[in-house]
Amino acid sequence: MHTKQARRMVIAGGSGFLGRALARYVAAPAQGAWDVIILSRSAPSMPTPARWVQWDGVRQGAWARELNGAQAVVNLAGRTVNCRYTAQNMLDIYTSRLLSTRALGRAIQEAAQPPHVWLNSSTATFYRDARDHAQTEAAGDIGSGFSVDVARRWEAALMEEELPQTRRVALRTAMVYGVGAGGVMQTTDAVVRLGGAGAMAGGGQYVSWIHERDFCRAIEFLIEHDLAGGVNVSAPEPLPNREFLRGYRAAWGVPLGIPSTAGLIGLGARVMKSEAELLLKSRWVTPERLLKAGFVFEFPQWAGAIAELVHTARAEGHAQR
């Protein structure tokens with residue numbers, strides 16, 4: 001376990017929802033008020049307790065100096081997968097992840113004082129469509145298709161360089177739920193409140209998720225504990241889509257939701273310029289390594305997590321964070 005001496009964290013691709021949430025969390029006095037640097041193409045669109053340094057996610061530059069002497073690097077860079085899988089979009093999804101990861105690897109290799117730990121985004125979609133049992137790091141089955149191939153190449157890029165002084169962790173993260181601009185709830189809340197969140201294609205597919213605060217706490221935990229390799233960053237109690245949406249509706253006080261077929265979801269995805277896979281694939285992922293290492297979730301169950309988030313959303317009047 002590393003001591004908290006060099007309290008600098010570099011968050012690459014940190015101007016979005018997750019980067020802002022993590023910066024707020026670790027910069028708070030309760031967490032020791034880390035010095036946070038955000039690397040991104042453009043500055044965060046709203047006040048964030050971090051210093052912004054520009055990078056393009058590809059080339060080495062002045063930004064690389066920020067890694068020297070840092071305790072932790074967290075890479076959240078990557079084009080959103082909430083899009084149609086056209087040839088150009090697929091290329092952008094690959095390159096935004098692989099090139100940024102490789103750029104960080106080269107910068108860490110060249111640093112005189114490389115960071116103790118490098119946490120790099122991956123995805124819970126790494127595993128197959130699972131409807132028979134939970135997918136853990138030890139017993140999970142790697143899936144197939146475009147999204148899985150992206151995850152496999154992403155994790156391989158993380159391990160390309162020889163970095164003997166830097167521990168590396170691939171964050172196989174489920175959907176992160178939190179209140180604020182750019183988060184999942186910015187889109188899903190409206191659907192739920194309008195009564196459109198009934199069971200999807202029967203609702204048997206599992207939904208893996210994690211509360212924003214537990215995501216940030218898991219990052220802090222992984223910095224301080226000697227885990228390496230792939231780690232599932234998801235709540236310990238995923239649940240079928242029908243139950244997930246029932247809990248979501250209950251938190252907003254919406255008694256009913258209109259169910260939808262797979263065909264209707266496919267049509268809606270086209271209209272929304274997205275992919276039906278994002279809603280139909282069963283992601284039954286559990287955080288075995290985190291739990292065995294002693295991590296305790298504040299929000300292990302969906303009902304409690306979504307109730308707290310909806311309470312926050314109402315209290316803030318959907319303020320953008």
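Just so you know, these numbers use all the heavy atoms, side chains as well, and skip hydrogens, waters and symmetry mates.
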Glu275 vs Arg84, salt bridge (charged side-chain N to carboxylate O under 4.0 Å, His left out): CA-CA, chis, key distance, verdict: CA-CA 6 Å; Glu275 289 288 336; Arg84 295 298 296 172; 3.8 Å; yes
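- Residues Met175 and Val192 fall within the same hydrophobic cluster, defined by Ile, Leu, Val, Met, Phe, Trp and Tyr side chains chained together at heavy-atom separations under 4.5 Å.
- Of all non-hydrogen atoms in Leu76 and Gly13, the two that sit nearest each other are CB-O, 3.8 Å.
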Worked verdict on Glu137 versus Arg172 for salt bridge (charged side-chain N to carboxylate O under 4.0 Å, His left out): CA-CA 9 Å; Glu137 298 92 342; Arg172 295 175 183 168; over 6 Å; no
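- Scanning both residues, Pro238 and Ser208, for their nearest heavy atoms gives CB-OG, 3.7 Å.
- Nearest approach of Met9 to Val26, heavy atoms of both residues: CE-CG1, 3.8 Å.
- Using a 4.5 Å cut-off between side-chain heavy atoms of Ile, Leu, Val, Met, Phe, Trp and Tyr, with links allowed through other members, Leu279 and Val207 fall into the same hydrophobic cluster.
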Residue pair Arg213, Glu308: steps toward the salt bridge (charged side-chain N to carboxylate O under 4.0 Å, His left out) verdict: CA-CA 11 Å; Arg213 181 170 173 83; Glu308 190 276 340; over 6 Å; no
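- No continuous path of ILVMFWY side-chain contacts below 4.5 Å connects Leu99 to Ile11, so the two sit in separate hydrophobic clusters.
- Judged by distance alone, with hydrogens and angles left aside, the side-chain atoms of Arg20 form a donor-acceptor pair with the main-chain N or O of Ser15 at under 3.5 Å.
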From CA spacing to verdict: side chain to side chain contact (heavy atoms under 4.5 Å, CB included), Arg51, Ile38: CA-CA 6 Å; Arg51 177 165 55 87; Ile38 282 177; over 6 Å; no
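- A distance of 8.0 Å separates CG in Asn241 from OG in Ser260, rounded to the nearest 0.5 Å.
- One finds the CH2 atom of Trp154 at 10.5 Å from the CG atom of Leu158 (value rounded to the nearest 0.5 Å).
- Here the side chain of Arg7 pairs no donor or acceptor atom with the backbone of Val36 at under 3.5 angstrom.
- Distance alone, capped at 3.5 Å, places no donor-acceptor pair between the Asn232 side chain and the Val285 backbone.
- Trp63 and Ile37 end up in the same hydrophobic cluster when Ile, Leu, Val, Met, Phe, Trp and Tyr side chains are linked at under 4.5 Å.
- Shown here for Leu280 and Ala201, the closest heavy-atom pair between the two residues is CD2-CB, 3.7 Å.
- For the residue pair Ser40/Trp52, the side-chain donor-acceptor check at 3.5 Å is satisfied.
- Checked by atom type, the side-chain pair Gln135/Thr286 shows no donor-acceptor distance below 3.5 Å.
- In this view, Glu160 and Arg102 satisfy the side-chain hydrogen bond (donor to acceptor under 3.5 Å, both in side chains) rule, not counting sequence neighbours.
- Using a 30° and 60° split on the angle between ring planes, Tyr248 and Tyr177 fall in the perpendicular class, above 60°.
- Once rounded to the nearest 0.5 Å, the distance linking OG1 of Thr86 with CD1 of Ile93 reads 8.0 Å.
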Asp56 vs Arg41, salt bridge (charged side-chain N to carboxylate O under 4.0 Å, His left out): CA-CA, chis, key distance, verdict: CA-CA 5 Å; Asp56 64 5; Arg41 288 176 172 81; 5.9 Å; no
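- More than 12 heavy atoms of other residues, nucleotides or ligands lie within 6.0 Å of CZ in Arg106, so this atom counts as buried by the packing criterion.
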CA sep, side-chain torsions, deciding dist, call: Leu119, Ile223, side chain to side chain contact (heavy atoms under 4.5 Å, CB included): CA-CA 8 Å; Leu119 299 100; Ile223 290 170; 3.7 Å; yes
Full working for side chain to side chain contact (heavy atoms under 4.5 Å, CB included) between Leu309 and His211: CA-CA 8 Å; Leu309 288 167; His211 189 288; 3.4 Å; yes
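- For the residue pair Arg97/Asn75, the side-chain donor-acceptor check at 3.5 Å is not satisfied.
- Closest heavy-atom contact between Asn68 and Arg8: O-NH1, 3.0 Å.
- The backbone N or O of Leu91 lies less than 3.5 Å from a partner atom in the side chain of Thr95, making a donor-acceptor pair.
- Of all the heavy atoms in Val169 and Leu222, the pair that sits closest is CG1-CD1, 4.3 Å.
- No hydrogens or angles considered: a donor-acceptor pair under 3.5 Å links the side chains of Glu220 and Tyr25.
- Using a 30° and 60° split on the angle between ring planes, Phe221 and Phe295 fall in the perpendicular class, above 60°.
- Counting heavy atoms of neighbouring residues, nucleotides and ligands inside a 6.0 Å radius, atom NE2 of His311 does not exceed 12 of them.
- Using modelled atom types, one side-chain atom of Arg167 and one backbone atom of His225 make a donor-acceptor pair closer than 3.5 Å.
- The pair Asp149-Arg152 fails the salt-bridge criterion, with no side-chain N (NZ, NE, NH1 or NH2) lying under 4.0 Å from an Asp/Glu carboxylate O.
- Using modelled atom types and a 3.5 Å distance limit, the side chains of Thr101 and Asn120 yield a donor-acceptor pair.
- Arg289 contributes a side-chain N or O that, together with a main-chain N or O of Ala228, makes up a donor-acceptor pair within less than 3.5 Å.
- Checked by atom type and distance alone, the side chain of Arg270 never pairs as donor or acceptor with a backbone atom of Gly266 at under 3.5 Å.
- The salt bridge (charged side-chain N to carboxylate O under 4.0 Å, His left out) analysis of residues 107-136, with sequence neighbours excluded, yields the pairs Arg128-Asp132, Arg128-Asp141, Asp129-Arg131.
- Hydrophobic clustering (side-chain heavy atoms under 4.5 Å, transitive across Ile, Leu, Val, Met, Phe, Trp, Tyr) groups Val254 together with Ile306.
- The closest side-chain donor-acceptor pair between Thr312 and Glu316, if any, does not fall under 3.5 angstrom.
- Partner Trp118 forms a side chain to side chain contact (heavy atoms under 4.5 Å, CB included) with one of Leu67, Thr166, Val10 and no other, that one being Thr166.
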